[in-house]
Amino acid sequence: MSSVEVHSQQQPEPASSLIPTLPGSHYTDEAVFELEKSRIFQRHWFAAARCSDMPTPGSFRNVDVGGESVLIVRGRDGALRAFLNVCRHRGARLCVEESGAVRRSLQCPYHAWTYGLDGKLVAAPNLNSMNDVNRDEYGLIGVALREWLGTAWVCLADEPPSFEDTVQSAVTARLGDPGTIDGWAIEDLVVGRRITYDVKANWKLIVENFMECYHCATIHPELTEVLPEFADGYAAQYFVGHGAQFGEEITGFTVDGQGGFDTLSGVDEDHDRRYYAITINPQVFINLVPDHVIFHRMYPLAVDRTIVECDWLYTQEVVDSGVDLSRSVELFHRVNQQDFDACERCQPAMSSRAYANGGVLVPSEHHIGEFRDWVIAAISD
């Protein structure tokens, strides 16, 4: 009788230069994703939309935040407010469109309960005959909202964490100085191009990919031409305050390294001709270059599906001039496609028994361990 050799799945003794990743189940298990929705996306500040997406009173965006539909509305007073997109009567969605505008109020299409742009209940059929109904108590459920970097950040927690100690401190920790990012005046920039990517991969694979550059020499030929130091495998995020320097012959952060736009007026000489990358947990990437900003917002929709909305931001003058942005946009569009293809290549293997105990991080990736620990702590809370 022939024998069959069985290979054990024992983990090798880890080398001192390697540290473990999350186990494979953290990228495939629906139960883990449900914990992430409730304990990460619904408890932490979430970059929901560009403020300029709601330019006038009545304009709105409908955003998925950890499985909750959140409606962000520009009020008649010019302020942005956020509400759960649920009628207080029988629970119908007020707005099913991703974006749009109403004139003066939000009306439920089911029974016509009507809310002001401030969320207050203002009318409903036969409401005047129900004298015991307190309209203030039946307004829309509000969601905490902060505006920063031209972005509407929302938090569904009853007691949101400190915005300064979480979102803003992440930028400071990366750049080394709380005032550095002010030089790009991101709140004054406008969207020159927006591309939305539907990535068939877990959101954490995308974060981990963005944080490291061990892969850059392999899959990012255009990027390493512009930023030669990335070919050595160390991402800019590996070093506090460091910006990857442009190559000697590079004159712009473009697909061919030539012909960018004028340096933003607030970017000083120390930050010119450099690229900075920032991760803000759980779902924001910010890329700073001398003449524009690239801002990614992730919307995790399923354990193996993530929508990534990417804005290329320029000065109003550049956008109004009608100048061709394609060479500027194309560089990071290619980077995004290359990265997301890599993440989609990894996703199927997360359920393999070969990855049951996870993988490893080499020294240039060790900083990803901080993100790993943050996720574990958040879902264990």
Original post:
Out of Glu225, Arg334, Gln338, which one pairs with His220 under the side-chain hydrogen bond (donor to acceptor under 3.5 Å, both in side chains) rule?
Top reply: Gln338
Subject >> For Pro57 against Leu117, the heavy-atom pair lying closest together >> reply: C-CD1, 4.3 Å
Original post:
Taking only residues at least two apart or on different chains, which pairs with a member in residues 178-279 satisfy disulfide (SG to SG under 2.5 Å)?
Top reply: Cys213-Cys216
**OP:** Flag the pair His292 / Phe332 as yes when their ring centroid distance falls below 6.0 Å, and as no otherwise.
**Re:** no
Subject >> Arg273 versus Glu248, closest heavy-atom pair with distance >> reply: NH2-O, 3.9 Å
Original post:
Is there a donor-acceptor contact under 3.5 Å from the side chain of Thr21 to the main chain of Gly358?
Top reply: no
Original post:
With a cut-off of 6.0 Å (strictly less than), are more than 12 heavy atoms of other residues, nucleotides or ligands near CZ of Phe340?
Top reply: yes
Original post:
Which of these passes side chain to side chain contact (heavy atoms under 4.5 Å, CB included) with Phe371: Leu22, Asn281, Ile376?
Top reply: Asn281
**OP:** Quick one: sort the Tyr275 and Phe253 rings into parallel, tilted or perpendicular, breaks at 30° and 60°.
**Re:** parallel
**OP:** Step through the shown structure and confirm whether more than 12 heavy atoms of other residues, nucleotides or ligands are within 6.0 Å of OH on Tyr138.
**Re:** no
Original post:
Does the side chain of Asn202 come under 3.5 Å of the side chain of His26 through a donor N or O and an acceptor N or O?
Top reply: no
Original post:
Among Arg193, Arg50, Arg61, which residue meets the salt bridge (Lys or Arg N to Asp or Glu O under 4.0 Å) test with Glu309?
Top reply: Arg61
Original post:
According to the interplanar angle, ranging from 0 to 90°, do the rings of Phe295 and Trp153 count as parallel (below 30°), tilted (30 to 60°) or perpendicular (above 60°)?
Top reply: perpendicular
Subject >> Pair His367-Tyr234, side-chain hydrogen bond (donor to acceptor under 3.5 Å, both in side chains): steps then yes or no >> reply: CA-CA 11 Å; His367 57 295; Tyr234 283 90; over 6 Å; no
Subject >> Name of the residue among Glu330, Glu222, Arg327 meeting side chain to side chain contact (heavy atoms under 4.5 Å, CB included) with Thr254 >> reply: Arg327
**OP:** Please check if the side chain of Arg297 supplies one atom and the backbone of Asp311 the other of a donor-acceptor pair under 3.5 Å.
**Re:** no
**OP:** Check the surroundings of atom CG in Asp268: do more than 12 heavy atoms from other residues, nucleotides or ligands lie under 6.0 Å from it?
**Re:** yes
Original post:
Between Arg81 and Asp118, does at least one N-O distance fall below 4.0 Å, as a salt bridge requires?
Top reply: no
**OP:** Return the minimal non-hydrogen interatomic distance between Pro160 and Cys155, and the atom names on each side.
**Re:** CB-SG, 3.7 Å
Original post:
If you look at every heavy atom in Ala47 and Thr151, which pair is closest and at what distance?
Top reply: CB-CG2, 3.8 Å
**OP:** Mind jotting down which residue pairs meet the side-chain hydrogen bond (donor to acceptor under 3.5 Å, both in side chains) criterion with at least one end in residues 167-188? Sequence neighbours excluded, please.
**Re:** none
**OP:** Could you pull out the closest heavy-atom pair between Asn62 and Ser69, with the gap in Å?
**Re:** OD1-OG, 2.6 Å
